[in-house]
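What follows is a short report on a single structure.
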Amino acid sequence: MKELLLNKKSTILEFNESKISSKDIRTINEFKKLVVNEGDNGLRKISKVLKEKEIKSFKASNSEFKKAEKLVNDQLKNAILTAYSNIKKYHEKQLDGLSINKVETTKGVSLWSEFKPIDTVGLYIPGGTAPLFSSLLMQAIPAIIAGCPNIVICTPPDTNGKINPTILWVADMLNIKNVYKVGGSQAIFAMAYGTESIPKCFKIFGPGNKYVTEAKLQVSKDISIDMPAGPSEVYVVSDDIEKVDIIASDLLSQLEHSIDAKAVLISKNKKLLKDIKTTITNQKESLNRKSILNESINNTYLVKAKNDKEIINFINDNAPEHLILIDDNFVKIAPYVNNAGSVFCGKYSPESFGDYASGSNHTLPTGQAAKTYSGLSVKDFGKTITFQTATPEGFLALAPVVKTLAEAESLDAHSNAVQVREIYAINDVDTLSRTSFIKRTTKETSIFINLNIDGTGNYNVDTGLKFFDHMLEQFAKHGQFDITIKSFGDLEIDQHHTIEDVAIALGEAFKSALGDRNNIERYSSSESLVMDETISNVSIDMASRTLLKMKTSKLREYVGDFPTEMFEHFFISFINTLNFTCHIETKGENSHHIVEATFKSFTRALNKALQRNDTNIASTKGSL
């Protein structure tokens with residue numbers, strides 16, 4: 001153990017790390033060539049070089065998944081399920097804010113962003129001295145929450161060519177079937193470039209030894225990787241000599257990872273720094289990985305600080321992977337920590353909680369990378385795309401600004417791309433185009449709508465509910481509205497949110513397209529439509545007074561996949577959003593006819609009420 005006294009100067013610790021030799025790099029380069037040029041056969045040649053058991057089929061079979069289920073005891077399964085629940089709960093919250101709802105930056109110019117998952121991701125799960133099924137949880141759960149459709153796992157088999165059963169059971173629990181018996185640098189190359197068995201991945205995640213790390217650095221020129229990875233490290237801050245046993249256990253919990261793991265104790269208490277040596281030595285003797293600890297213990301620093309300011313500066317200079325603030329007054333330090341992978345506050349927050357089951361992610365930046373990198377999260381498994389659109393009025397408002405800026409930078413083609421559009425925008429403004437675009441996002445759904453009130457009945461509708469789609473198509477066709485609707489939502493859990501949110505978004509689209517409602521007919525009285533035995537009558541007043549009187553014959557529970565309890569609710573949501581008065585009465589015997597006749601008569605009445613009327617104002621008050 002090394003001792004250090006802090007001073008006013010910045011102090012960056014230096015550790016003994018197992019560096020990769022030039023010979024090892026040459027071997028890794030040879031492995032890369034074999035995988036890139038020969039695929040699966042190259043992997044088999046590498047296994048022979050390493051004297052590993054020959055693998056006939058790299059992909060884990062269904063029978064191997066079934067056998068694994070029997071080999072994992074119920075106590076471990078229960079613990080894993082608890083960890084899974086906590087990790088999932090915390091990481092689901094990380095989705096909030098990754099997408100941004102529509103923002104109008106200039107009147108008529110709207111921007112929004114969408115978080116989109118990476119198509120294919122590769123997860124490396126160490127399986128050597130300690131098969132890390134916890135690492136699979138930490139990588140796979142955020143990948144699933146992000147929505148990654150293709151998840152590939154590579155993990156080294158044991159000397160018998162078998163994957164650790166707990167790793168297989170966790171993968172099966174998470175419904176991941178693409179699990180491959182490949183480890184080391186060759187696994188990284190296989191996921192980066194693809195083989196006959198192993199799919200090519202767009203981004204690779206996961207910790208590993210120095211050979212895996214070197215391979216990740218090499219492939220990072222061609223694909224993405226999660227973050228720079230190095231030996232595990234922990235920094236503990238405490239002045240409480242009564243907690244010397246806790247402090248020693250925290251230091252050893254990281255030192256057992258590998259011979260080049262790092263541990264640091266920072267304290268203002270000189271006696272604590274002296275006594276910790278004996279406690280570490282005593283605890284070490286009872287631990288299973290003593291052979292590793294006997295070496296890694298040399299990578300321990302005992303750091304004496306004079307005050308809290310020195311401690312804070314030292315932490316931020318070294319940017320530890322794990323930082324444990326053991327003392328109850330941790331608030332003296334915590335608010336000032338700018339550089340750290342993960343911080344554990346108080347004596348009841350061991351780093352082991354974060355490694356396994358509290359819910360935080362244990363894939364963290366090492367070697368001072370926490371100055372610019374964060375721990376693994378949902379956002380690492382996707383990317384954010386910005387979208388924007390403008391109305392003719394919005395375009396004309398912003399066009400002069402953009403032309404001025406482009407010309408100031410001598411980029412006249414940029415200016416020209418604005419200028420050639422101006423005549424189109426001026427014409428659209430003169431004809432009072434009644435169009436709109438709406439994006440509505442809730443926790444349950446994302447709805448996109450393009451609307452042209454003065455259309456010809458063109459439609460493109462996809463809500464995931466076939467009968468509802470059919471009704472919305474009739475809405476467009478019989479109302480002579482051009483409508484495009486795309487809805488994303490979890491229909492297996494709740495169809496109601498989709499129907500309600502589409503109705504609200506459609507109301508918002510009509511409200512936006514109509515503007516101030518001047519120069520429209522306003523009224524549509526007794527629009528009647530007959531469909532076999534069914535007759536539907538609808539009357540509308542487009543004044544901004546919200547009222548719905550709706551009466552229909554009794555309906556069966558479902559028409560196709562459409563729950564009829566949402567039938568009236570669709571009209572309530574649409575009318576409340578657009579704000580107008582409507583009376584609907586439909587009589588019939590066939591539920592399908594009743595619903596369809598109502599949609600058709602309603603949209604025909606809406607069409608008439610929204611017809612342009614430039615000759616008079618439809619209200620004595622001068623506006624609706």
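We use all heavy atoms of the structure for the numbers below, so side chains are in, but hydrogens, waters and symmetry mates are not.
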Once side-chain contact (heavy atoms from CB on, under 4.5 Å) is applied, do any residues pair with H414, and if so which ones, sequence neighbours excluded?
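Counting only residues at least two positions away or on another chain, H414 forms a side-chain contact (heavy atoms from CB on, under 4.5 Å) with A406, L411.
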Filter on salt bridge (Lys or Arg N to Asp or Glu O under 4.0 Å), then keep only pairs touching residues 171-195, sequence neighbours left out; what's left?
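For residues 171-195: E64-K181, D172-K177.
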So which pairs with a foot in residues 216-230 pass salt bridge (Lys or Arg N to Asp or Glu O under 4.0 Å), sequence neighbours left out?
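Found K216-D226.
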For [X], does the [atom1] atom have more than 12 heavy-atom neighbours from other residues, nucleotides or ligands under 6.0 Å away?
X: K379; atom1: NZ; value: no
X: F115; atom1: CZ; value: yes
X: K162; atom1: NZ; value: no
X: D96; atom1: CG; value: yes
X: Y193; atom1: OH; value: yes

How would you list, by chain and number, every residue that makes a side-chain hydrogen bond (donor to acceptor under 3.5 Å, both in side chains) with E92, sequence neighbours excluded?
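Counting only residues at least two positions away or on another chain, E92 forms a side-chain hydrogen bond (donor to acceptor under 3.5 Å, both in side chains) with K88.
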side-chain hydrogen bond (donor to acceptor under 3.5 Å, both in side chains) involving K67 - partner list, sequence neighbours excluded
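If we apply the side-chain hydrogen bond (donor to acceptor under 3.5 Å, both in side chains) test to K67, skipping adjacent residues, there are no hits.
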Using every non-hydrogen atom in the two residues, find where P157 and V182 come nearest and quote the distance to one decimal.
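Smallest heavy-atom distance, with atoms named: CD-N, 4.2 Å.
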Using every non-hydrogen atom in the two residues, find where K383 and P117 come nearest and quote the distance to one decimal.
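What the structure gives for the nearest pair is NZ-O, 2.9 Å.
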Run the numbers on N164 and T155 for side-chain contact (heavy atoms from CB on, under 4.5 Å), then give the verdict.
CA-CA 9 Å; N164 178 271; T155 186; over 6 Å; no
Please tabulate, for the side chains in residues 47-58, all donor-acceptor contacts under 3.5 angstrom to protein atoms that are two or more places apart in sequence or on a different chain.
unit_1	atom_1	unit_2	atom_2	d
S47	OG	L43	O	3.3
S47	OG	E52	OE1	3.4

